[in-house]
There are 2 protein chains.
Amino acid sequence: MSRPRSDAERNRARLLDVAVDLFAEHGDQVQMGEVARAAQVGVGTLYRHFPTRQALVEAVAEQRFSEILAFAESECLPNPDTRAALTCFLTHVAQMHQTGRGLSGAIEATFGSTAPRGPLAIELLAIGDTLIRRGHADGTVRADITVDDLYMLVGALAMISRGDVGDWRRFIDITLDGIAPR
Amino acid sequence: MSRPRSDAERNRARLLDVAVDLFAEHGDQVQMGEVARAAQVGVGTLYRHFPTRQALVEAVAEQRFSEILAFAESECLPNPDTRAALTCFLTHVAQMHQTGRGLSGAIEATFGSTAPRGPLAIELLAIGDTLIRRGHADGTVRADITVDDLYMLVGALAMISRGDVGDWRRFIDITLDGIAPR
DNA sequence: AGCTTAAACGGAAACGGACTCCGAATCAGA
DNA sequence: TCTGATTCGGAGTCCGTTTCCGTTTAAGCT
């Protein structure tokens, strides 16, 4: 268990960087070769760091989760109006999907799998939990609604905003009405 | 523009039949070769009838849409309680996705594309429209909700019930609350 | 600094699956 | 029954992912 070689670490970082950009721009139909070329690296190197296409996609998703997390913490949570905070959060998720389709496949992979959730996902859950609890307290959210419900809605929102299946702003409004007390 | 040869017609039907079953059982990762083999036909024949994988998937989806349609007309519409009718409809869609994952890719393809909607899809829209209107009339559905909203929810439901992203029954309840008047 | 070697690199080739092509087989009208 | 247009079949092409292995390089040791 020794430290990885420094060039390896740099290459990994550059690959991820480039992949995030490419996925954001061209959706997740980007080819492995392109990523390698853009990072000025052989395919072999790419595969050393991300043993499979899926792995790369997931790493990109992880990256973007962390962006969502940061945004939610700094921009949404502080808002004292819980409904507004939830809207802020969900809107950000949707926008992040509309630009940069690359995430969506991974969302599916992450939400759809029973795989052990990464630390980032756990933090995300924590934020959701905070929002839901606040909602319980101030009457924005019905008592029987849980974080799991929220993340089910997030998953749905992700799909919708990816595929132009209607207007996701309406989806947000409708579902927030749906979890509000009657 | 002459009638297709009878053997061609038979082959086409058998291919579609087999494809429906295979997709239902193994999800949409079934290979073209498998479908051809299962139908006792060469790949060439398969490609004659369905010029692309996507075309086959869509044809399968069309098939299943028609099942949904039939069920909705005979089992859901007659229910005088509009909310129950909507629940019936949405539940059926979800169940159809849970078993037989094959549909979901196609749902995405159909809902996500701006392609001209087939006649079946139009009929489905009509049913949705009927339900929404009834809801407007009897106070189950808020006045500003449209069929488009309903089908956005159907799309979302499809994704959710495919991927085990939470409990779709709750999703149905939440969204029906969301489109109800305050 | 030079030596050593485990680790990382690169990219040619293997692999896998969708799709094409065209000679062989088959249907249906005269 | 003959004929030729239509359909069939499946070997082959294409293209993207993944593997393999000889070459290169960072970094610890002397």
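Predicted model only: the values in this text are computed from it and were never measured. Lettering of chains follows the sequences in order, A, B, ..., and the numbering in each one begins at 1.
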Among C:dC9, D:dT7, C:dG10, the one nearest A:V41 by side-chain distance: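 Comparing C:dC9, D:dT7, C:dG10 against the side chain of A:V41, the answer is C:dG10.
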Presence of B:H49 side-chain N/O under 4.0 Å of D:dC8 phosphate oxygens OP1/OP2: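 Yes, because at least one side-chain N or O of B:H49 sits under 4.0 Å from OP1 or OP2 of D:dC8.
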Below 4.0 Å: OP1/OP2 of C:dA8 and any side-chain N or O of A:T45: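 Answer is no, no contact under 4.0 Å.
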Working to the nearest 0.5 Å, report the span between [atom1] of [X] and [atom2] of [Y].
X: A:T140; Y: A:L131; atom1: OG1; atom2: CG; value: 10.0 Å
X: A:Y151; Y: A:I132; atom1: OH; atom2: CD1; value: 9.0 Å
X: A:D177; Y: B:R142; atom1: CG; atom2: CZ; value: 5.0 Å

B:D138 side chain to B:T82 side chain, donor-acceptor N/O pair below 3.5 angstrom: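 Checked: B:D138/B:T82 side chains pair up, N/O donor to acceptor below 3.5 Å.
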Donor-acceptor side-chain pairing of A:E58 and A:Q54 below 3.5 angstrom: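 The criterion, which ignores hydrogens and geometry beyond distance, is satisfied for A:Q54 and A:E58.
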Please give, in whole Å, the distance from [N] [atom2] to [X] [atom1]?
X: A:R37; N: C:dC9; atom1: CZ; atom2: P; result: 18 Å
X: B:R14; N: D:dT7; atom1: CZ; atom2: P; result: 16 Å
X: B:N11; N: D:dG9; atom1: CG; atom2: P; result: 6 Å
X: A:H26; N: D:dG16; atom1: NE2; atom2: C1'; result: 17 Å
X: A:E34; N: D:dG16; atom1: CD; atom2: P; result: 8 Å
X: A:R12; N: C:dC9; atom1: CZ; atom2: P; result: 12 Å

Whether B:H92 and B:F71 hold their rings parallel, tilted or perpendicular, with breakpoints at 30° and 60°: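 Ring orientation, 0 to 90° scale: parallel.
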Nucleic acid footprint by protein, nucleotides 17-30 of chain C - heavy-atom cut-off 4.0 Å, B for base, S for sugar-phosphate alone: SSBB-----BSS--
